[in-house]
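These values consider heavy atoms only, across backbone and side chains, with no hydrogens, waters or symmetry-generated copies.
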There are 2 protein chains.
Amino acid sequence: MKTQSVVEDYVKVIYSHTEWQPEPITPSVLAARLGLAASSVTEMVKKLAAQGLATHVKYGAVTLTAQGTELALRMLRRHRLIETWLVEQYAYRWDEVHDEAEVLEHALSDRLLDAIDEQLGFPSRDPHGDPIPARDGTITRPVGVLLRDASEGSTGRVVRISDRDPLLLRHLEAEGITLDTDLTVIGRAPFGGGFLVRLGAHAGDATSAATGATPADLDLGDQALESIWIAAA
Amino acid sequence: MKTQSVVEDYVKVIYSHTEWQPEPITPSVLAARLGLAASSVTEMVKKLAAQGLATHVKYGAVTLTAQGTELALRMLRRHRLIETWLVEQYAYRWDEVHDEAEVLEHALSDRLLDAIDEQLGFPSRDPHGDPIPARDGTITRPVGVLLRDASEGSTGRVVRISDRDPLLLRHLEAEGITLDTDLTVIGRAPFGGGFLVRLGAHAGDATSAATGATPADLDLGDQALESIWIAAA
DNA sequence: GCTAAGATTTCGGTGTGCCGAAAACTGGTC
DNA sequence: GACCAGTTTTCGGCACACCGAAATCTTAGC
Ligand SMILES: [Mn+2]
Ligand SMILES: [Mn+2]
Ligand SMILES: [Mn+2]
Ligand SMILES: [Mn+2]
């Protein structure tokens, strides 16, 4: 029986939930991510379990089986390759690729996908820094910490930005933050002030927000802090 | 209400039936082309009519309204642009593109389609010689006659080959017949013999099958005669 | 332990597109 | 004008994926 695109989406969301954080997904979160009613999700999860793609603790979390993980990685590979391809070949901006990829990932044949992979030179990450699983299902997560958790004064390079919100992506690009941007964490301004970062690597001359902040420093909002991952430059 | 891909397929088949031949399609033929039961088609045609895409003479033919024709041309543009793109960009052979296009035509966004159109230099025909409707719905049918109806001794250039049967396409390519191939109609060999053509333009030295056939002449089967269109070279 | 808020599941129901069988219709033949 | 073969339509039913409302379960707070 052919895997329908609905199943592909469920499995992809279930997998993605644990990609940057360890807690398995619950039915209500799954429903929210898919834009469906909780009752619909319960039913579908039952079918996933019946197909051997997921296991489900009743009244609890949903996890993927090895088979489900395999399918999820295939879909992630498709999604991310397509996003990369749209940017490289068709001048899409990084905030414009997600929706198109969301549709195309279910439609391209393996053959076409392989041809695209080759055309792109077998890329290892997508426009948002997410790793592209290899054809054999291998995936290498970039090391990095969430900007929110970065220590004050540290310097790092942006290795991943969540592509969930296109508006945030456009904003960050306008501010000069994209993949591989070096930045220095100034820290949180006192008395409930914003979280400041400085573009470029300034290891050594970085100072705390209390003393060394300059007007040129960027004040990032909470959403950005939860969306940007950095690694030692 | 978004047009579903099922509707798009119905409308495309209805239109295509009158593209090279004037009789409107009947429910049974429509069912055969779509691989569905006649009863399913009756129901769906009713819905097409309700949506203003088709008109249906009860117990009779199905025809498209202006609106239905517009949708059909949009879909044909998609299908044929995609076929062309697969051949030009991804080294598909002309007998391999149809199935992939059949899926992708429902999935690509208008934006991506336009980008592809531009990348290809706004092609006017697909790998099988079918005209690609312009964005405004304009379509220019190539002039040409079915090879079956070509007069003996005439010379012509292949302007269109039906892409319905991949095996025929491969066969013809192996025999040296593709788009723009010049050929001379020798004619039907006597006593129920095959239909002979000679590669290249040999206006003047063409002779009837009875007298001038040579071993090198190609003997085309009935299916080919019904699938190849030629025009004066 | 009890309770209640919140999450999850169950249940009845919907829309879409499909099917086979049976009924209704058509067009040609005599 | 009656008949018949083939076509088309009607009809009851199914699979899929979804929904809201009601019932059930979990768990955190007391
Ligand atoms: Mn994405
Ligand atoms: Mn991405
Ligand atoms: Mn085709
Ligand atoms: Mn074609």
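Of the residues near DNA chain C, B:Ser39 and B:Lys47, the one whose nearest nucleotide (by heavy atom distance) lies more toward the 5' end is B:Lys47. Nearer the 5' end of DNA chain D, as judged by each residue's closest nucleotide, is the contact made by B:Val29, out of A:Val41 and B:Val29.
Between A:Met44 atom CE and D:dC18 atom C1' there is a gap of 11 Å when expressed in whole angstrom units. Put simply, CD on B:Glu43 is 12 Å from C1' on D:dC14, counting in whole angstrom units. Nucleotide D:dA17 holds its C1' atom 13 Å from the CD atom of A:Gln51, rounded to whole Å. Here the P atom of nucleotide D:dG20 and the CG atom of A:Leu36 are 10 Å apart, to the nearest Å. For the pair B:His106 NE2 and C:dG17 P, the computed distance is 13 Å after rounding to whole Å. Distance CG (B:Leu30) to P (C:dC18): 11 Å, rounded to an integer number of Å. Straight-line distance from the NZ atom of A:Lys58 to the C1' atom of D:dA23: 12 Å, rounded to whole Å. Atom P of nucleotide D:dT9 and atom CG of B:Leu48 are separated by 13 Å, given to the nearest angstrom.
Contacts classified as salt bridge (Lys or Arg N to Asp or Glu O under 4.0 Å) and involving residues 25-36 of chain A (residues at least two apart or in different chains) are not found.
As judged by a 4.0 angstrom heavy-atom cut-off over every strand, A:Gln4 is placed among residues touching the sugar-phosphate backbone only. Here B:Ala37 lies in heavy-atom contact (under 4.0 Å) with sugar-phosphate atoms only.
Between A:Thr42 and C:dT9, a side-chain N or O to OP1/OP2 separation shorter than 4.0 Å is present. Contact annotation: A:Ser28 reaches the phosphate of C:dT8 (side-chain N/O to OP1 or OP2, under 4.0 Å). Checking the phosphate oxygens (OP1, OP2) of C:dT8, no side-chain nitrogen or oxygen of A:Lys46 falls inside 4.0 Å. Under 4.0 angstrom from either OP1 or OP2 of C:dT8 there lies no side-chain N or O belonging to A:His56. One finds no side-chain N or O of B:Tyr59 lying less than 4.0 angstrom from the OP1 or OP2 phosphate oxygen of D:dT10.
A salt bridge links B:Arg160 with B:Asp130: the distance from a Lys NZ or Arg NE/NH1/NH2 to an Asp or Glu carboxylate oxygen falls below 4.0 Å.
The only member of B:Arg80, B:Arg77, B:Arg111, B:Arg135 that meets salt bridge (Lys or Arg N to Asp or Glu O under 4.0 Å) when paired with B:Asp117 is B:Arg77.
Of the candidate nucleotides C:dC18, D:dT9, C:dT10, D:dT9 has the atom nearest to the side chain of B:Pro27.
Heavy-atom minimum distance, B:Gly129 versus B:Pro142: O-CG, 3.9 Å.
B:Ser109 contributes atom OG, which lies 7.5 Å from atom CG of A:Leu104 (distance to the nearest 0.5 angstrom).
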